[in-house]
Amino acid sequence: MRFRSTSPEGTEQLGQRIGRCLVPGDIVCLYGDLGTGKTTLVRGIASAFGIPSRDITSASFTVIAEYPVDPLFYHIDLYRVTNSDDLDSTGIWDLLGGNAISVIEWAEHLGEPAGQGRAVIRIWLSDCGGDAREIIMEGIREEAWNNL
Ligand code: ADP
Ligand code: MG
């Protein structure tokens, strides 16, 4: 599925709709350069679980932020995690095997496919100039999506 967003609010709304289609154990992998709107999209996804937008930050020093909602929600930012030893020491593999919802920025740094046996939703964001963003998504449950 392919979308065009023309404002941060539009990207957040799309994120909220994505969030409503997720079930425990789902992994959302986000790909795209700095400033394409990954964190903005995460704000929308998180809002579907009752997490206030202001709680989702783009402080890339926090690799894994855990939100105590039900199911547990993890916002993971791998921007600074560029080798597999660093990645392993984050403990990410345990999280991805559990029943939480995990949303991963810079998922290209994962190096190997996330979550065996888990549903993985992949989303690519790109900047089309100004406030325009192209957002391409695969793996979302189409039935849930179409019923929203
Ligand atoms: P990333 O996490 O990919 O680095 P952020 O979500 O932190 O990106 O930042 C995106 C920046 O682009 C913000 O400053 C936001 O206001 C701006 N922006 C402008 N238009 C859009 C849009 N359509 N969608 C998302 N962000 C947008
Ligand atoms: Mg970000």
Verify, without hydrogens or angle tests, whether Arg4 (side chain) and Ala132 (backbone) share a donor-acceptor contact under 3.5 angstrom. no
Heavy-atom closest pair, residues Ile121 and Gly139: CG1-O, 3.6 Å
Any chance you could measure Thr11, atom OG1, to Leu125, atom CG, to the nearest 0.5 Å? 7.5 Å
Any heavy-atom pair between the side chains of Trp93 and Leu87 that's under 4.5 Å? yes
Linking I/L/V/M/F/W/Y whenever their side-chain heavy atoms sit closer than 4.5 Å, directly or via other members, would Leu22 and Ile104 fall into one cluster? no
Check which hydrophobic residues are tied to Val23 through side-chain heavy-atom contacts below 4.5 Å, counting indirect links as well, and list them. none
Would a distance-only check, ignoring hydrogens and angles, find a side-chain to backbone donor-acceptor pair under 3.5 Å from Arg122 to Glu138? no
Could you list all the salt bridge (charged side-chain N to carboxylate O under 4.0 Å, His left out) pairs where at least one residue sits in residues 26-46, not counting sequence neighbours? Asp26-Arg141
Between Val69 and Leu72, is there shared hydrophobic-cluster membership here, with clusters defined by ILVMFWY side-chain heavy atoms closer than 4.5 Å? no
Do Asn99 and Pro71 have side chains that get closer than 4.5 Å, going by heavy atoms? no
Set of side chain to side chain donor-acceptor pair (under 3.5 Å) partners for Tyr67, sequence neighbours left out: none
Shortest non-hydrogen pair, Thr39 vs Ser58, comes out as OG1-CB, 3.6 Å
Hydrophobic clustering (ILVMFWY, side-chain heavy atoms < 4.5 Å, transitive) - are Ile56 and Val63 grouped together? no
Which Ile, Leu, Val, Met, Phe, Trp or Tyr residues join Trp124 in one cluster when any pair of side-chain heavy atoms under 4.5 Å counts as a link? Tyr31, Ile136
So how far is it from Ile140 CD1 to Arg20 CZ, rounded to the nearest 0.5 Å? 12.0 Å
Between the OG1 atom in Thr62 and the CD1 atom in Ile64, the distance rounded to the nearest 0.5 Å is 10.5 Å
How many angstroms lie between OH in Tyr74 and CG in Leu95, if you round to the nearest 0.5 Å? 5.0 Å
Hey, quick one: are Ile101 and Leu96 part of the same hydrophobic cluster, counting side-chain heavy atoms closer than 4.5 Å, chains of contacts allowed? no
Verify same cluster id: Ile135, Val103 (apolar side-chain graph, 4.5 Å): yes
Test side-chain contact (heavy atoms from CB on, under 4.5 Å) applied to His75 and Glu105, step by step: CA-CA 8 Å; His75 174 204; Glu105 295 190 49; 2.7 Å; yes
Sub-3.5 Å donor-acceptor pair from the side chain of Asp86 to the main-chain atoms of Thr82, do we have one? no
Write down the atom of Ser5, the atom of Ser7, and the distance for their closest heavy-atom approach. OG-O, 2.9 Å
Checking side-chain contact (heavy atoms from CB on, under 4.5 Å) for the pair Ile76/Trp106: CA distance, chi angles, key distance, verdict? CA-CA 9 Å; Ile76 300 167; Trp106 295 95; over 6 Å; no
Grab the two heavy atoms, one from Trp145 and one from Arg17, that are nearest each other, plus how far apart they are. O-NH2, 2.9 Å
If you define the side chain from C-beta out and look only at heavy atoms, does anything of Ile123 sit under 4.5 Å from Ile18? yes
Are any side-chain N or O atoms of Arg118 and backbone N or O atoms of Gly98, one a donor and one an acceptor, separated by less than 3.5 Å? yes
What distance separates Phe73 CZ from Asp55 CG, expressed to the nearest 0.5 Å? 11.0 Å
Under the side-chain contact (heavy atoms from CB on, under 4.5 Å) rule, collect the residues that match up with Pro8, sequence neighbours excluded. Thr40
Output a table of donor-acceptor pairs, distance under 3.5 Å, between side-chain atoms of residues 45-54 and any protein atom two or more places apart or on a different chain; print 'none' if there are none.
from	atom 1	to	atom 2	distance (Å)
Ser47	OG	Gln16	NE2	3.0
Ser47	OG	Gly44	O	2.6
Ser53	OG	Glu12	OE2	3.4

Please test Leu110 against Ile92 for side-chain contact (heavy atoms from CB on, under 4.5 Å), starting from the C-alpha separation and ending with a verdict. CA-CA 10 Å; Leu110 272 178; Ile92 187 174; 3.9 Å; yes
Can you tell me how far CG of Leu78 sits from SG of Cys29, rounded to the nearest 0.5 angstrom? 9.0 Å
